[in-house]
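Notes for the one structure printed next.
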Amino acid sequence: MDDPKRMVQQGYDRLGSSYRIYFEKTDSKRYLSWLVNFIRRLPVGGTVLELGCADGIPTAKYLSQYTDYLGIDVSPVQIELAHINVPQARFEVADMSALSFPAESFTGVVALYSIIHLPLAEQPALFQAIYQWLRPGGYFLCIAGAGEWTGTEVDWIEPGTQMYWSHTDAATYQTWFTETGFIVVENIFVPEGNGGHTYFLLTK
């Protein structure tokens with residue numbers, strides 16, 4: 001297999017905003033209830049980190065209205081689009097597994113369908129880092145896997161776009177989270193097509 005992180009970066013560079021538009025056609029409101037539930041738990045003007053912000057719509061656009069927001073994405077094309085779409089927010093190109101922040105830097109962290117693009121072996125260490133970055137009482141919203149699978153697609157969304165995913169099952173994620181120190185507030189299966197993912201809302 002090619003370098004999975006490079007595959008993810010090149011895939012999202014290639015897709016640009018067509019990634020978001022594709023999913024908006026199937027469910028234009030799919031993030032809104034999650035974000036509303038998340039933001040109402042945070043203090044006004046809190047600091048929020050998003051891992052895998054894509055082109056900034058809808059998550060950065062919504063969260064930056066209420067928080068001091070920083071979005072991270074491995075794709076320079078997505079970050080360029082995010083700057084255009086949400087000029088009031090901060091964005092940086094970065095590999096989420098290589099980030100470094102002081103302890104208790106954020107009141108909230110969001111990762112919607114993004115951590116599952118990271119090789120599975122690297123995910124527990126990232127969860128431990130997120131726990132350290134969060135302030136006590138902070139929240140982590142994560143869409144993770146529901147079943148165990150690692151693999152690629154060669155024509156994802158558009159012909160010729162390769163993409164990589166790696167995730168374990170919901171029970172294993174829950175174990176990892178609780179072993180890290182998180183309290184699981186909500187754990188909900190999100191059906192999609194013939195399968196689905198798992199919505200986790202966690203607090204420190």
Side-chain angles (χ1 to χ4, degrees), residues 1-12 15 19 22-23 26-27 30-31 33-35 37-38 41 48-54 59 71-75 78 94-101 106 108-134 138-157 161-204:
M1 180 186 299
D2 293 336
D3 175 26
K5 293 182 182 181
R6 184 165 176 79
M7 185 182 297
V8 171
Q9 179 244 306
Q10 291 180 334
Y12 281 106
L15 288 172
Y19 157 75
Y22 174 85
F23 285 107
T26 59
D27 185 359
R30 74 188 198 134
Y31 287 5
S33 63
W34 301 342
L35 297 175
N37 184 38
F38 178 72
R41 298 171 184 270
V48 170
L49 170 69
E50 183 180 9
L51 302 173
C53 62
T59 309
I72 298 295
D73 203 285
V74 73
S75 163
Q78 296 291 340
D95 171 359
M96 68 178 76
S97 67
L99 292 171
S100 178
F101 296 103
F106 301 99
V109 177
V110 178
L112 302 180
Y113 299 91
S114 57
I115 290 176
I116 56 176
H117 286 304
L118 196 66
L120 189 63
E122 298 183 23
Q123 294 180 24
L126 177 58
F127 296 141
Q128 291 165 15
I130 291 168
Y131 185 84
Q132 295 301 317
W133 300 336
L134 275 176
Y139 284 87
F140 175 33
L141 169 56
C142 177
I143 304 297
E148 185 176 357
W149 185 71
T150 294
T152 62
E153 285 190 31
V154 294
D155 295 305
W156 187 54
I157 300 179
T161 300
Q162 294 184 298
M163 190 52 64
Y164 167 92
W165 296 267
S166 186
H167 51 79
T168 188
D169 58 88
T172 301
Y173 276 116
Q174 174 134 337
T175 297
W176 286 353
F177 291 140
T178 55
E179 287 179 347
T180 299
F182 286 109
I183 298 167
V184 178
V185 178
E186 295 176 328
N187 171 350
I188 303 167
F189 177 69
V190 181
E192 293 166 36
N194 296 324
H197 293 82
T198 309
Y199 162 104
F200 284 100
L201 183 64
L202 313 163
T203 189
K204 177 176 178 177

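Quick note: numbers below take in every heavy atom, side chains included, and nothing from hydrogens, waters or symmetry partners.
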The reported gap from NE2 in H197 to CD in E192 (rounded to nearest 0.5 angstrom) is 5.5 Å
In the structure I gave you, are the side-chain heavy atoms of R41 and T203 within less than 4.5 Å of one another anywhere?
no
When rounded to the nearest 0.5 Å, the distance separating CZ of F200 from OH of Y173 is 8.5 Å
Please tell me if the side chains of W165 and E153 come closer than 4.5 Å, counting only heavy atoms from C-beta onward.
yes
>> Can you confirm whether or not the ring centre of Y19 sits under 6.0 Å from the ring centre of Y12?
In response: yes
- prompt: Cation-pi between K204 and Y131: NZ/CZ under 6.0 Å from ring centre and within 45° of the ring axis?
  reply: yes
**Asked** Mind checking whether E148 and T172 have side chains closer than 4.5 Å, heavy atoms only?
**Response** no
- [ ] Kindly indicate, with the supporting measurements, whether the criterion side-chain contact (heavy atoms from CB on, under 4.5 Å) is fulfilled by N37 and Y199.
- [x] CA-CA 12 Å; N37 184 38; Y199 162 104; 3.0 Å; yes
In terms of heavy-atom contacts, G195 and F189 come closest through O-CZ, 3.6 Å
side-chain contact (heavy atoms from CB on, under 4.5 Å) with Q162: of D155, V8, V154, T152, only one passes, and it is V154
Next item on the list: State, with a plain yes or no, whether a side-chain heavy atom of P124 is found less than 4.5 Å away from one of E179.
Entry: no
For S166 and L120, indicate whether the former's side chain and the latter's backbone hold a donor-acceptor pair under 3.5 Å. yes
>> Quick one, L99 and L51 - any side-chain contact, counting heavy atoms below 4.5 Å?
In response: yes
Interatomic distance, CZ@F182 vs CD@Q128, rounded to 0.5 Å, equals 9.5 Å
Below 4.5 Å, heavy atoms only, C-beta onward: do M163 and H117 meet side chain to side chain? yes
Closest non-hydrogen atoms of T198 and A170, given as atom of the first, atom of the second and distance, are OG1-CB, 3.4 Å
State whether the side chain of Q123 and the backbone N or O of L118 hold a donor-acceptor pair below 3.5 Å, judged by distance alone.
yes
Margin query: With a 4.5 Å cut-off on side-chain heavy atoms, are F38 and T59 touching?
Written below: no
Next on the checklist: What verdict does the side-chain contact (heavy atoms from CB on, under 4.5 Å) test give for T180 and F140, after you've listed the backbone C-alpha separation in whole Å, the side-chain angles of each residue and the deciding distance to 0.1 Å?
Outcome noted: CA-CA 12 Å; T180 299; F140 175 33; over 6 Å; no
Please report the C-alpha distance between S75 and D73 in whole Å, then the side-chain angles of each, then the deciding distance to 0.1 Å, and finally whether the side chain to side chain donor-acceptor pair (under 3.5 Å) criterion is met.
CA-CA 5 Å; S75 163; D73 203 285; 4.5 Å; no
Between V190 and W34, does a side-chain contact (heavy atoms from CB on, under 4.5 Å) hold up when you go through it step by step?
CA-CA 11 Å; V190 181; W34 301 342; 4.0 Å; yes
The reported gap from OH in Y164 to CD in Q9 (rounded to nearest 0.5 angstrom) is 15.5 Å
Here the gap from L126 atom CG to I115 atom CD1, rounded to the nearest 0.5 Å, amounts to 4.5 Å
On a heavy-atom basis, the closest approach of G52 and S114 is CA-CB, 3.8 Å
Hey, can you tell me if F177 and F127 have their rings parallel, tilted or perpendicular (30° and 60° cut-offs)? perpendicular
To the nearest 0.5 Å, atom OH of Y31 lies from atom CD1 of I143 at 7.5 Å
Tightest non-hydrogen contact, residues P119 and K5, listed as CD-CE, 4.1 Å
